[in-house]
Amino acid sequence: DIERFFPLLHELIEEYPFLSEFFTSTNFSYSNWDNKILNYLNQFNKYKNRKFIFTLQLSCDGPHHINDLCRGNGTTERCLNNFNNFVNRIENELPPNVDLNIVLKPTLSIETLQFLKTKDDIIKYYQFFEENFIHKIKVLGYQNLTMDVTIPNLAVPILAT
């Protein structure tokens with residue numbers, strides 16, 4: 001559980017006054033993961049006089065037929081539900097002293113790469129990210145909240161990432 005890290009997080013922040021950047025990675029598919037990430041971010045509220053940069057790598061490989069193939073049935077739906085819950089709550093729960101950068105990290109395997117054979121397939125693939133993630137963050141218009149998407153990497157995605 002991510003909460004077991006919080007005591008160490010506070011020790012590090014208190015011991016190192018210039019420590020300001022943190023990173024975590026998730027596929028947002030576990031129950032209540034939106035709560036866990038928001039709880040993590042709220043740990044920085046204790047240090048209102050300091051500024052933090054938090055990078056949240058979000059592993060989603062694409063639409064259901066791509067993402068679920070390697071990560072398990074239902075993973076995409078859980079990810080999207082948790083992300084939507086996260087976005088709905090971020091206005092009231094993102095600490096003002098935290099700059100949050102969400103980075104989408106899609107992974108394709110040889111098996112899932114077959115779904116991107118045509119230009120239209122590739123356009124639909126990126127539209128999935130735009131509609132389900134990027135647009136939802138952009139419309140909020142927060143100065144301390146950004147979202148980037150990377151070029152898919154080729155590997156073997158697993159349930160735990």
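The hydrophobic cluster containing Ile53 does not contain Leu41, counting ILVMFWY residues as joined when their side-chain heavy atoms lie under 4.5 angstrom apart, directly or transitively. Following chains of ILVMFWY side-chain contacts shorter than 4.5 Å, one can reach Phe129 starting from Leu56, so the two form part of one hydrophobic cluster. Under the 4.5 Å side-chain heavy-atom criterion for grouping Ile, Leu, Val, Met, Phe, Trp and Tyr, Ile122 is not connected to Ile110 through any hydrophobic cluster.
Ile13 places a side-chain heavy atom less than 4.5 Å from the side chain of Phe52. In this structure, the side chains of Asp34 and Arg89 come closer than 4.5 Å at one or more pairs of heavy atoms. Side-chain contact between Asp61 and Phe128 is absent, with no heavy atoms from C-beta onward closer than 4.5 Å. No side-chain heavy atom of Asn101 sits less than 4.5 Å from a side-chain heavy atom of Met147.
Applying the side chain to side chain contact (heavy atoms under 4.5 Å, CB included) test between Cys79 and each of Leu58, Asn27, Asp68 identifies Leu58 as the sole match. The only option from Phe44, Tyr47, Tyr16 that meets the ring pair (Phe, Tyr, Trp, His ring centres under 6.0 Å) definition with Phe22 turns out to be Phe44.
Applying the ring pair (Phe, Tyr, Trp, His ring centres under 6.0 Å) rule to pairs touching residues 88-124 yields His65-Phe115, sequence neighbours excluded. Among pairs with a residue in residues 83-110, those fulfilling ring pair (Phe, Tyr, Trp, His ring centres under 6.0 Å) read Phe28-Phe86, Phe83-Phe133, at least two apart in sequence or across chains.
Here the shortest heavy-atom pairing between Val87 and Lys136 reads CG1-O, 4.1 Å. Across every non-hydrogen atom of Thr150 and Lys105, the tightest pair is OG1-CA, 3.8 Å.
Atom CG in Asp99 sits 9.5 Å away from atom CD in Gln143 (nearest 0.5 Å).
Under the 3.5 Å distance criterion, with hydrogens and angles disregarded, no donor-acceptor pair is assigned to the side chains of Asn81 and Asn84.
You'll find the ring centres of Phe54 and Phe23 outside the 6.0 Å limit.
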